[in-house]
Amino acid sequence: MQFLDEASIIVEAGNGGNGCLSFRREKYVPKGGPDGGDGGHGGCVYLIGDDALNTLIDFKYQRFYKAPNGRPGQGRQMSGRAGEDLHVKVPVGTTVIDEDTLEVIADVTEIGQVVLVAQGGRRGLGNIHFKSSTNRAPRRTTPGTEGERRNLRFEMKVMADVGLLGMPNAGKSTLIRAVSAAKPKVANYPFTTLVPNLGVVKLGQHQHFVMADVPGLIEGASDGAGLGLRFLKHLTRTRLLLHVVDVAPFDETDPVESAEAIVHELEAFSQALSERPRWLVLNKLDLLPAEDREAVADKIVERLGWQGPVFRVSAISGDGCDPLVQAIYRWLTEQRRLENEDEAVAEHEREMRERMEREAVARTEARLGRKRKPIGDDDADDDFDDDDYDVEVEYAP
């Protein structure tokens with residue numbers, strides 16, 4: 001199934017049914033009076049979180065969703081049938097934005113969460129409601145109101161506890177393969193990963209967490225270069241970031257400069273995201289002579305001025321992965337305990353998530369504004385769009 005994490009749709013609620021103008025006409029009833037019934041309410045449009053979905057691909061092919069209209073009222077005081085509500089399933093982790101106002105309508109973060117996105121029209125009243133002592137034969141009714149119509153934008157962010165970030169070919173996909181059952185593509189060229197991958201890391205019964213691998217970042221990613229900006233937003237759902245650094249890059253680039261470039265892109269994309277807890281993971285130590293590994297790792301940490309946790313691993317052989325996984329699980333367990341016991345900690349976490357969400361939406365809208373090309377400008381299509389997933393790349397010797 002093709003991965004799609006952004007989509008635009010139109011939703012339209014049903015119109016309310018009109019009220020009926022009718023008078024009772026029966027044999028042996030000389031003064032029947034008004035008996036026009038009310039119309040039915042129009043159907044509403046709801047979104048519902050579904051954990052069985054992990055992509056927005058369905059909304060690429062169906063972009064218009066309309067709830068049924070309410071039926072008009074009838075004589076004999078019969079009300080019209082109400083239109084059925086329309087429930088549209090979306091992946092858990094979907095942010096819903098009004099494209100006209102850029103208002104964030106809702107954040108679907110729970111299974112079964114229901115969000116009203118278009119209110120159905122109100123029913124019209126039949127002439128039975130307008131009879132009085134001075135108006136025995138009212139000919140007045142009210143029409144049903146129109147249902148709400150909205151242009152919506154969906155942005156899906158994967159739900160994970162831990163996010164991997166780093167330069168292309170840093171070994172993020174290899175790491176997630178080593179610690180989970182996920183099998184992302186691994187190859188010896190950059191940008192092997194084109195879409196986020198999720199892996200469940202299991203330590204024992206009822207002991208697990210979810211890790212997300214996103215496409216590698218390059219310098220300028222926060223301004224739309226490469227695939228980074230499109231997928232950086234997925235990291236806003238995570239609690240912990242693992243900064244994976246290749247200590248022996250095949251192109252002989254400086255690992256420290258690469259690591260600093262990643263930090264710069266994080267800060268440019270979202271200041272709140274850059275303040276998230278981040279651990280340094282020095283990968284591919286197996287490519288260095290055994291006697292040089294500690295010295296090279298210590299020098300990288302010293303040049304970065306790193307004060308946080310540091311882990312030395314070789315993802316391809318699994319060396320050092322188990323201590324990393326154990327430390328992550330202990331940290332996540334402690335964070336959840338603190339949030340449950342201390343309201344101040346829980347409030348801080350909510351505020352951080354709200355900040356990251358606002359900043360991610362702002363960056364995305366800025367990118368869309370810059371990339372919106374004039375009609376007839378065929379050279380302005382520099383953005384990474386859905387069809388680019390199908391591109392085949394050939395590497396000449």
Side-chain angles (χ1 to χ4, degrees), residues 1-13 43-67 84-120 147-163 195-200 209-212 214 230-239 270 272-273 276 336 339 346-347 349-365 368 386:
M1 179 180 293
Q2 187 183 28
F3 181 85
L4 189 66
D5 63 347
E6 295 181 359
S8 296
I9 68 169
I10 300 172
V11 295
E12 184 175 322
C44 300
V45 181
Y46 294 91
L47 304 180
I48 182 168
D50 189 345
D51 63 337
L53 302 177
N54 57 10
T55 175
L56 298 173
I57 188 65
D58 292 340
F59 301 107
K60 179 179 179 180
Y61 303 105
Q62 182 178 351
R63 302 186 62 184
F64 182 70
Y65 294 83
K66 187 181 187 317
E84 293 185 5
D85 293 334
L86 177 63
H87 291 82
V88 181
K89 295 181 179 180
V90 297
V92 174
T94 300
T95 301
V96 186
I97 303 171
D98 188 312
E99 281 204 312
D100 298 323
T101 64
L102 301 185
E103 171 195 4
V104 177
I105 299 172
D107 209 5
V108 183
T109 57
E110 299 178 1
I111 300 173
Q113 180 179 347
V114 179
V115 178
L116 174 65
V117 291
Q119 177 66 53
E148 192 175 13
R149 179 186 175 102
R150 302 181 86 167
N151 298 314
L152 301 181
R153 178 177 181 80
F154 293 159
E155 292 189 357
M156 193 197 78
K157 306 178 185 68
V158 296
M159 303 293 288
D161 301 300
V162 181
V195 298
N197 294 298
L198 291 180
V200 179
F209 60 87
V210 180
M211 182 179 288
V214 301
R230 174 123 187 187
F231 297 113
L232 261 175
K233 63 188 177 186
H234 292 282
L235 298 178
T236 61
R237 301 288 189 191
T238 61
R239 293 172 175 267
S270 168
L273 180 59
R276 262 318 204 199
R336 294 190 181 101
E339 289 179 23
E347 179 63 25
E349 176 66 20
R350 287 192 292 269
E351 291 177 355
M352 284 292 291
R353 289 183 179 273
E354 290 175 359
R355 280 182 58 198
M356 287 189 293
E357 183 62 39
R358 290 195 301 268
E359 292 171 358
V361 170
R363 293 296 301 182
T364 301
E365 293 302 330
L368 293 175
D386 305 327

Between R63 and S8 (side chain of the first, backbone of the second, donor and acceptor by atom type, cut-off under 3.5 Å), is there such a pair?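 Checked: pair present.
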
* Asked: So, the side chain of Q113 versus the backbone of D107: is there a donor-acceptor pair under 3.5 Å, distance only?
  ->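 Present.
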
Are R336 and E339 ion-paired here, with the side-chain N under 4.0 Å from a carboxylate O?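 No, this pair does not count.
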
Do [X] and [Y] make a side-chain contact, defined as non-hydrogen atoms from C-beta onward lying under 4.5 Å apart?
X    : Y    : answer
I105 : R150 : yes
D161 : V210 : yes
E6   : K60  : no
V96  : V115 : no
Q62  : V88  : no
L86  : K66  : no
R355 : M352 : yes

Gap between atom [atom2] of [Y] and atom [atom1] of [X] - 0.5 Å precision:
X    : Y    : atom1 : atom2 : result
F59  : M156 : CZ    : CE    : 11.0 Å
D85  : L116 : CG    : CG    : 8.5 Å
E354 : E349 : CD    : CD    : 10.5 Å
L152 : T94  : CG    : OG1   : 12.0 Å

Query raised in the report: Should the pair Y46 and H87 be assigned to parallel (<30°), tilted (30 to 60°) or perpendicular (>60°) ring geometry?
Result: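 Geometry flag for H87 against Y46: parallel rings.
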
By salt bridge (Lys or Arg N to Asp or Glu O under 4.0 Å) - contacts of D50 (at least two apart)
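Partners of D50 by the salt bridge (Lys or Arg N to Asp or Glu O under 4.0 Å) criterion, ordered by chain and then number, come out as K89.
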
